[in-house]
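Data block below; observations after.
What you see is a predicted model, and the numbers here were worked out from it, not measured in a lab. In what follows, chains are A, B, ... by sequence order, proteins preceding strands, each numbered from 1.
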There are 2 protein chains.
Amino acid sequence: MTSLASPVTLAATASLIGDVARANILCALTGGRALSAGELAFHACVSAQTTSGHLAKLVDAGLIVGIKQGRHRYFRLAGPRVAEILETLMGAADLGPARHRPVGPRDEALRRARSCYDHMAGRFAVDLAELLEARGMVVLSDEGGSITDLGMAFFDRLGLALGEAAGRRRPPCRCCLDWSERRYHIGGRLGAALFAHAEGEAWVVRVKESRALRVTRKGEEAVAGGLFACVAVDAPVPRPEGIRTSA
Amino acid sequence: MTSLASPVTLAATASLIGDVARANILCALTGGRALSAGELAFHACVSAQTTSGHLAKLVDAGLIVGIKQGRHRYFRLAGPRVAEILETLMGAADLGPARHRPVGPRDEALRRARSCYDHMAGRFAVDLAELLEARGMVVLSDEGGSITDLGMAFFDRLGLALGEAAGRRRPPCRCCLDWSERRYHIGGRLGAALFAHAEGEAWVVRVKESRALRVTRKGEEAVAGGLFACVAVDAPVPRPEGIRTSA
DNA sequence: CCATCGCTTCGGCCTTCGTCGAAGCATCCG
DNA sequence: CGGATGCTTCGACGAAGGCCGAAGCGATGG
């Protein structure tokens with residue numbers, strides 16, 4: 001019935017990601033935007049023809065999809081599942097003894113705020129998640145998360161489109177372990193809705209040619225206190241000092 | 001602060017799993033039991049010295065841990081995180097077009113019921129999960145799962161040790177996409193507790209030298225109807241015909 | 001104490017696969 | 001229609017790494 005997930009197929013998938021050039025390609029696409037083959041070649045630091053071969057393999061494996069537009073061909077991740085796989089594998093990197101810490105300076109922007117396929121990650125997202133949890137909107141744990149009744153009402157008043165999740169009782173939300181913060185951020189449908197809302201309200205703007213997000217002043221203000229001022233909330237406020245945006 | 005999860009470390013981790021011999025080793029350890037280097041060499045179908053090299057790399061990366069006992073050295077997965085990574089990667093195998101379906105005969109036992117590090121998988125586990133969801137004990141979705149109040153009370157009466165999960169409000173439970181069934185089974189703390197309970201009550205017994213589990217008659221009976229007869233449940237019974245155990 | 005067993009290290013063979021140069025198509029523009 | 005751009009295919013080179021034979025080391029057991 002289903003293709004057997006044997007060790008050899010596991011190895012095939014893993015070795016596909018296990019090449020530095022392909023890992024660079026996948027990481028570049030984790031930003032969520034579709035990129036052309038040439039741009040991916042630049043990100044992977046290899047020639048165009050080498051990149052072409054890698055892209056063919058990735059498409060063949062179903063990790064990415066490519067659409068042809070004119071003389072360009074744009075690629076994006078095949079879906080949230082793939083992004084999740086990559087994030088999970090990212091988190092596995094710090095399983096071993098923390099030996100090398102090549103903290104580059106250009107990584108600071110990524111640590112602060114970045115897009116993670118369809119949701120946000122980095123300090124900004126982690127702080128937001130912890131604030132929402134402190135306010136009793138969501139429950140987060142290492143096994144997943146869920147939206148409380150209070151949270152459902154709040155997100156509804158905020159205007160978030162949670163889609164079919166609203167129909168389910170106690171809709172869970174995926175919470176990823178942030179690899180740069182080792183704390184949780186919110187993914188899944190809620191994470192995607194939060195990202196869309198934040199982008200629509202210009203709380204964050206995408207930085208060109210990068211996964212990094214720039215947190216605007218409006219975003220800082222909205223999240224630091226105004227996020228909850230825009231709707232009436234009768235929730236307990238156990239941590240009124242707001243969150244750090246570290247701008 | 002934290003080791004940077006760059007594309008190169010992603011590739012390093014992935015390529016570690018991307019070798020067939022190492023993938024075999026990891027899959028063998030996914031059964032949950034510690035295995036000696038010799039047994040792992042047998043599973044990986046390579047010589048002892050080659051296996052030794054692979055094990056050193058896996059230990060070095062923090063994916064597995066080894067303890068010395070006499071002249072044997074036993075290895076096990078470093079933790080649930082690793083098992084989760086492997087399961088996630090397993091699920092990625094069916095992303096591409098389903099082309100090869102080498103459904104071996106010996107896989108049938110694994111498809112029926114198997115251990116997955118600390119919880120159960122296969123048809124038995126999937127049916128059990130769906131039954132629990134139909135009874136309103138848990139809520140499952142592609143973004144995670146959560147235990148309902150009804151479920152908390154039920155599992156408590158059943159005698160499951162959910163540990164610290166009981167302290168949390170709406171404790172979530174991890175639900176994995178079963179690679180052999182493409183449906184959900186229950187993992188996380190609840191999954192581990194269910195497995196321990198099922199093993200303690202002799203509903204399932206481990207098959208030697210394999211991840212496979214044999215579902216006993218007692219287990220079939222208990223799950224088919226007696227599981228809910230042993231405790232008083234005032235829940236709606238939308239699907240009273242029970243589950244298939246396909247023994 | 002010697003034989004056996006289990007695991008590890010060392011050295012060298014060999015396959016695999018990532019890489020780029022050159023050439024071949026497809027597309028767009030002037 | 002010709003030149004430029006973007007992507008792909010082909011072929012050969014070369015480094016990386018998995019593999020095993022041989023030998024070494026520690027533990028067990030008679």
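Scanning all heavy atoms of the two residues, the minimum distance from A:Arg81 to B:Gly91 falls at NH2-O, 2.7 Å. When all heavy atoms of B:Ala121 and B:His185 are compared, the pair lying nearest together is CB-CE1, 3.5 Å. When all heavy atoms are compared, the tightest approach of B:Arg183 to B:Glu130 is NE-OE2, 3.0 Å. The shortest heavy-atom contact between B:Pro7 and A:Cys27 is CG-SG, 3.7 Å. Nearest approach of A:Ala202 to A:Lys218, heavy atoms of both residues: O-CB, 4.2 Å.
Residues B:Ser36 and B:Glu39 bring a donor and an acceptor atom of their side chains to less than 3.5 Å of each other.
Sorted by residue number, the members of residues 34-48 of chain A with any non-hydrogen atom under 4.0 Å from DNA chain D read A:Ser36, A:Ala37, A:Gly38, A:Ala48.
Contact annotation: B:Arg22 side-chain N/O to D:dG18 OP1/OP2 distance is under 4.0 Å. Contact annotation: B:His54 does not reach the phosphate of D:dG17 (side-chain N/O to OP1 or OP2, under 4.0 Å).
Side chain of A:Arg211 to main chain of A:Ser115: a donor-acceptor pair is present (N/O by atom type, distance under 3.5 Å, no hydrogens or angles). The backbone N or O of B:Val207 lies less than 3.5 Å from no partner atom in the side chain of B:Ser210, so there is not a single donor-acceptor pair.
To the nearest angstrom, P of D:dC7 lies 8 Å from OH of A:Tyr74. Atom CG in A:Leu58 sits about 16 Å away from atom C1' in D:dC7, given to the nearest Å. Here the C1' atom of nucleotide D:dG17 and the CD1 atom of B:Ile17 are 17 Å apart, to the nearest Å. Here the C1' atom of nucleotide D:dA12 and the CD atom of A:Gln49 are 13 Å apart, to the nearest Å. Distance, A:His72 NE2 to D:dA4 C1': 12 Å, rounded to whole Å. When rounded to the nearest whole Å, the span between NZ of B:Lys68 and C1' of D:dA27 equals 8 Å. If you take NZ of B:Lys57 and P of D:dA16, they are 13 Å apart, rounded to a whole angstrom.
Residue B:Ala56 is classed as having no contact, given no heavy-atom separation below 4.0 Å to the nucleic acid.
Judged by closest nucleotide on DNA chain C, B:Gly53 is the one of A:Ser15 and B:Gly53 placed further toward the 5' end.
Which of D:dT28, D:dC20, D:dT8 sits closest to the side chain of B:Arg71 comes down to D:dT28.
Atom CD1 in A:Ile25 sits 12.5 Å away from atom CD1 in A:Ile17 (nearest 0.5 Å).
When DNA chain C is scanned 5' to 3' for any atom under 4.0 Å from a heavy atom of chain B, the first and last hits are C:dT4 to C:dT9.
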